[in-house]
Number of protein chains: 2
Amino acid sequence: MPKSPAPLYEQIRQLIVAALAAGEWRPGDALPSEAALAARFGASPGTVRRALDELAAEHLVDRRQGSGTFVSTHAAPREPFRFLRLVADDEARGFSRELLGCRRVRATAEVARTLGLRTAEPVIEVRRLLHRRDRPVVLDELWLPERQFEGLTTEVLEAHAGALYALFEARFGVHMVRAEEKLRAVAATPEAARLLGVEEGEPLLSVERLAFTYGDRPVELRRGLYHTASDHYRNDLN
Amino acid sequence: MPKSPAPLYEQIRQLIVAALAAGEWRPGDALPSEAALAARFGASPGTVRRALDELAAEHLVDRRQGSGTFVSTHAAPREPFRFLRLVADDEARGFSRELLGCRRVRATAEVARTLGLRTAEPVIEVRRLLHRRDRPVVLDELWLPERQFEGLTTEVLEAHAGALYALFEARFGVHMVRAEEKLRAVAATPEAARLLGVEEGEPLLSVERLAFTYGDRPVELRRGLYHTASDHYRNDLN
DNA sequence: CAGTGGTCTAGACCACCAT
DNA sequence: TGGTGGTCTAGACCACTGC
């Protein structure tokens, strides 16, 4: 408990996040203007501006001079793979996707704990490959609470052309805000080796990702195996 | 070339960075107050404040209410390993260091190109191990332009207790501002296996880091091999 | 207590976008 | 041309630090 109340711009920021979580404005929508929000929250325009600037820094909203402030969306043409840090050594871009499977399973103890579910609660498991220049480079396996992703099937996935996170927004109203990743080097299992076209035991980069929606609620656990022969995981430190 | 000149707060930000690069204020020093800087640059306090806020967001300065704005330093007690993202699975903290060697060599073509030097220009090569609970977890190899690090020897390294980057600040006036890392999974070479106490061919996380000082000038190339059995590389995405 | 950064307000003017 | 966000200013008041 803080001694003094949070500053007004922070309170306003939280109110806007709550409105986003409640779906008052959907990804891609315009928010009300600064002046309108100032009137709504009874604050001066400068204070609302500060709240919006913080939200823009967290990539929750997207500010465009002359046109307005918009809810961020993974469907934006600029960043179809905003959270994927794997880049080709020669800077080549883009992947093609191959769906391996989608089924309803019971959460293992670890998946349940990580996603904040009860053990054995139903989850949807998706497996897929990403190819670069027709060579497999990523084997992804991901788990989603069925409660929030009811109706996600192989057919739905096959029918959707854009990024996975864009599908989650459009069809299930779940927008991914941020993620935490844990990286390790591991040896390829026989199955991973077969799917990625490498030798068994060959080093692969293991990437475990926990993705969060508004309000820091975890909604996706993902395990990726990256073949880093002519690609690498890029990270900027500051 | 931008059509319109950069905004005033950005010009002021760049002037402050230039002053930092010139050593007008050293790491740990206090900058002049907002009001004093406003007078110096002929701008209003609000504009100077914005420039300082941006510098704080980049971790170039550290703002402390009631006492002032200070030049960031790697000697700060809070973050002795600010750029090291390797954390123990059980959240244990801290490493002990073991120096393996420090010698003057000629830059390979790749090292020279990356650091912006001429081929075969002299560089200082340092090799060391980091241990967690008396077990080796990181094998580091790094190269520094001799021009900027003249006098860096085994003795100097042995005599210094704090972080490497703190030594670079205190002794050579080089402050590391940001870095870019490229990660891959690789197989342990015989030498790496021996030093890290693992089997030859075992998967290791390879981390290649290029570190920059003020003005985006590259000054250190580092290759790390991380043993990720009970540690992992942590990354936050947003 | 003096000096510092942190918050909040109010308003002027500009640059950009859509129509 | 009207509405949007972006810049810049000016000043009041508060919270915190260190002497």
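Heavy atoms only: backbone and side chains are in, while hydrogens, waters and symmetry mates are out. Throughout, a chain's letter reflects where its sequence line sits, starting with A, and its residues are numbered from 1. A quick note: this is a predicted structure, and the numbers were derived from the prediction, not measured.
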Partners of B:Tyr214 by ring-ring contact (aromatic ring centres under 6.0 Å, His included), sequence neighbours excluded? B:His175
Enumerate the ring pair (Phe, Tyr, Trp, His ring centres under 6.0 Å) contacts for residues 142-162 of chain B, please, sequence neighbours excluded, ordered by first and then second residue. B:Phe149-B:Phe168, B:Phe149-B:Phe172
Holding to salt bridge (Lys or Arg N to Asp or Glu O under 4.0 Å), I want the full list of residues that pass it with B:Arg97, two or more places apart in sequence or in another chain. none
Show each protein N/O and nucleotides 2-6 of chain D N/O combination with a separation under 3.5 Å, one pair to a line.
{"unit_1": "D:dG3", "atom_1": "N2", "unit_2": "A:Gly66", "atom_2": "O", "d": "2.8"}
{"unit_1": "D:dT4", "atom_1": "O2", "unit_2": "A:Gly66", "atom_2": "N", "d": "3.3"}
{"unit_1": "D:dG5", "atom_1": "OP1", "unit_2": "A:Thr69", "atom_2": "OG1", "d": "3.3"}
{"unit_1": "D:dG5", "atom_1": "OP2", "unit_2": "A:Glu34", "atom_2": "N", "d": "3.1"}
{"unit_1": "D:dG6", "atom_1": "OP2", "unit_2": "A:Arg49", "atom_2": "NH1", "d": "3.4"}
{"unit_1": "D:dG6", "atom_1": "OP2", "unit_2": "A:Arg49", "atom_2": "NH2", "d": "3.1"}
{"unit_1": "D:dG6", "atom_1": "OP2", "unit_2": "A:Arg63", "atom_2": "NH1", "d": "3.4"}
{"unit_1": "D:dG6", "atom_1": "O4'", "unit_2": "A:Gln65", "atom_2": "NE2", "d": "3.3"}

Please give, in whole Å, the distance from C:dC17 P to A:Asp62 CG? 13 Å
Which residues satisfy the side chain to side chain donor-acceptor pair (under 3.5 Å) test with A:Arg133, sequence neighbours excluded? A:Asp90
Those residues that, when tested against A:Gln14, pass side chain to side chain donor-acceptor pair (under 3.5 Å) (two or more places apart): A:Glu10
Atom-to-atom span, CD of B:Gln11 to C1' of D:dT7 - whole angstrom: 12 Å
